[in-house]
Amino acid sequence: MRVVSGIKPTGNLHLGNYLGAVKQWVAMQDQIQAQGGETMYFIADLHGLTEFIAPAELTANTIEMTATLVAAGIDPERSILFNQARVPAHSELAWLLNNVARVGWLNRMTQFKDKAGKNREGASVGLYDYPVLMAADVLLYNATHVPVGEDQKQHLELARDIATKFNTDYDSALFTLPEPLISAAAPRIMSLRDAAAKMSKSNPSEQSLVKLIDSDEVIAEKFRKAKTDPDLLPATMEELGGRPEARNLLTIFAALADRSPQDVLSEFAGKGFGAFKPALADLAVAKLAPIRDEMVRLLDDRAAIDSILERGAEKARALAAPTLKAAQRAMGLLA
C-alpha cells in the first residue's frame, strides 16, 4: 500500500489549513504505516505556477509549508517528503500523459471552470492542463491509494482513465489504478467573525482567522472575541441548527481535541460561551504553540529545510525513474 498526496504551497497558514489538511496527513502517516504501508507527501510547487506568483513568494511558501508539515508531525524519516520541482520525472511523465488524455476529458473538469470563471481565454494552459500533472504525480509512483475530498474525486477518476487508456493503447500493465482513500472527514473551519464564510487569509479582518504563527496571546484573544450568540449550549447537535457560530467553535474544539462534536457538547451543555470560549482558547494554545515554536525554529534554519527536501527528493527520484523509463520505452521513445 503506497499513499501519495500533494499540497500546494501557500503562505500564512491558518487553523483551517491545519485542521483541514495538515493534521489529516499526520494521522494518515501513522495509520498507513501501522498497516505496513508507505506514505509520500510532496509540496506541489509546480501546481503553484498555474496562476502567476512572484518567484520569491513561491520559494518562501514552499519553505514555510515544509516547516509546517514537519512541525505538525510529518516525519521525514518515516514518510518521503519532497517538492515536485526537485523530481523532473513529474513534468516529463505529465507530457507523455498529455498525449494519452483526451481534450473532452479535460473539458469536463469543473475546477478549471470554477477557477477561470469568465476569463477562460485569459487563463494559463497550466490551469487547464494541471489535472494531467496531478495524474502523473500519483501514477509515477504506482500509488495504490490517494486521499481525496469531494473536490478531488473527479481528478482521481481522470488519473484512472489515463492509466487505463495508456495500459490499453500500449499493451502494458505499467500503471496501477489508484483507489480513493476516504479518511475521517476533514472539518470545514469557518471564519471566527462570520461563520457563513470559510476561514481564509484573504479576509481583511485579522480577527477572522487564527494563523499558525500567532502568539499564545493573540490566539487566545481571537477566540475570546469570536462571534457567538447569547444562548446556552444545548445537549444535542440537532439543537445547534441555525447557530452557525456556535457550531463552528464546537467543530474547532472537537477537531483540536480529537473528540466528537457531540462528546464536547455533552461536556458543555447548559453552559454559555463565557465558559466555553476560554476553554477553547486554552486548548488551541496548548495544541498550536508547540507547532508554532517548531515552525519558527525550522524557518530559522533554511539549510535544514533544504536538506529535508533534497533527501526526500532523492528517494522519490529513485522510485520515479523506473516508471518513467518504462513509459518512455512503451511509447517507443527508448529502445
Side-chain angles (χ1 to χ4, degrees), residues 2-9 40-53 55 58 62 65 80-113 115-116 123-148 151-170 172-178 180 309 312-334:
R2 177 179 288 159
V3 174
V4 178
S5 191
I7 187 168
K8 282 179 68 173
M40 298 182 69
Y41 298 132
F42 64 89
I43 315 300
D45 49 0
L46 296 179
H47 288 287
L49 296 172
T50 57
E51 297 178 86
F52 180 79
I53 181 172
L58 178 58
T62 298
M65 182 62 79
I80 298 177
L81 178 62
F82 64 100
N83 59 304
Q84 275 176 310
R86 293 178 191 251
V87 187
H90 283 254
S91 302
E92 295 180 66
L93 183 60
W95 176 250
L96 300 186
L97 298 183
N98 271 332
N99 298 283
V100 177
R102 305 288 91 179
V103 170
W105 298 352
L106 289 178
N107 284 341
R108 290 195 293 271
M109 295 291 107
T110 57
Q111 283 209 24
F112 172 73
K113 299 172 187 176
K115 292 181 179 181
S124 72
V125 173
L127 186 62
Y128 176 75
D129 190 48
Y130 82 90
V132 179
L133 177 58
M134 291 182 73
D137 293 335
V138 298
L139 298 180
L140 186 60
Y141 302 105
N142 284 300
T144 60
H145 294 79
V146 177
V148 291
D151 60 340
Q152 297 296 327
K153 286 182 179 179
Q154 194 180 37
H155 290 147
L156 185 61
E157 291 167 3
L158 176 69
R160 289 172 58 87
D161 288 342
I162 292 173
T164 298
K165 183 167 173 52
F166 184 100
N167 290 348
T168 301
D169 287 352
Y170 296 102
S172 166
L174 175 59
F175 292 125
T176 300
L177 272 61
L309 291 174
E314 184 177 1
K315 296 174 185 176
R317 289 191 293 265
L319 290 172
T323 305
L324 179 62
K325 283 191 175 182
Q328 292 170 327
R329 189 171 292 112
M331 299 178 84
L333 299 172
L334 295 177

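In this text the structure is predicted, and so the values were computed from the model without any measurement.
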**Student:** I'd like to check the salt bridge (charged side-chain N to carboxylate O under 4.0 Å, His left out) partners of Lys165; sequence neighbours left out, ordered by chain and number.
**Tutor:** Asp169
**Student:** Output, in order, the C-alpha distance, side-chain angles, deciding distance and verdict of side chain to side chain contact (heavy atoms under 4.5 Å, CB included) for Thr50 and Lys8.
**Tutor:** CA-CA 11 Å; Thr50 57; Lys8 282 179 68 173; 4.2 Å; yes
**Student:** Which atom pair, heavy atoms only, marks the closest approach of Leu133 to Ala94?
**Tutor:** CD1-CB, 3.8 Å
**Student:** Just list the side-chain donor-acceptor pairs under 3.5 Å for residues 313-328, sequence neighbours left out, or say none.
**Tutor:**
unit_1	atom_1	unit_2	atom_2	d
Arg317	NH1	Arg86	O	2.8
Arg317	NH2	Glu310	OE2	2.6
Thr323	OG1	Leu140	O	3.0

**Student:** Work out which heavy atom in Ala101 is nearest to a heavy atom in Val132; give both atom names and the distance.
**Tutor:** CB-CG2, 4.0 Å
**Student:** State whether the side chain of Asn83 and the backbone N or O of Ile43 hold a donor-acceptor pair below 3.5 Å, judged by distance alone.
**Tutor:** no
**Student:** Can you list the residues that meet the ring pair (Phe, Tyr, Trp, His ring centres under 6.0 Å) rule with His47, with sequence neighbours excluded?
**Tutor:** Tyr130
**Student:** Any side-chain to backbone donor/acceptor pair from Thr144 onto Arg2? Under 3.5 Å, distance only.
**Tutor:** yes
**Student:** Measure the spacing between CE of Met109 and CE of Met134 and express it to the nearest 0.5 Å.
**Tutor:** 10.0 Å
**Student:** About how many Å separate CD1 of Ile162 and CG of Leu97, when rounded to the nearest 0.5 Å?
**Tutor:** 5.5 Å
**Student:** Using the test salt bridge (charged side-chain N to carboxylate O under 4.0 Å, His left out), find all partners of Asp161 that sit at least two apart in sequence or belong to another chain.
**Tutor:** none
**Student:** Any pair with a residue in residues 95-110 that passes side-chain hydrogen bond (donor to acceptor under 3.5 Å, both in side chains), sequence neighbours left out, goes on the list, sorted by first then second residue, please.
**Tutor:** Asn98-Asp129, Asn107-Tyr128, Thr110-Gln154
**Student:** Using ring pair (Phe, Tyr, Trp, His ring centres under 6.0 Å) as the criterion, list what pairs up with Phe42, not counting sequence neighbours.
**Tutor:** Phe82, His90
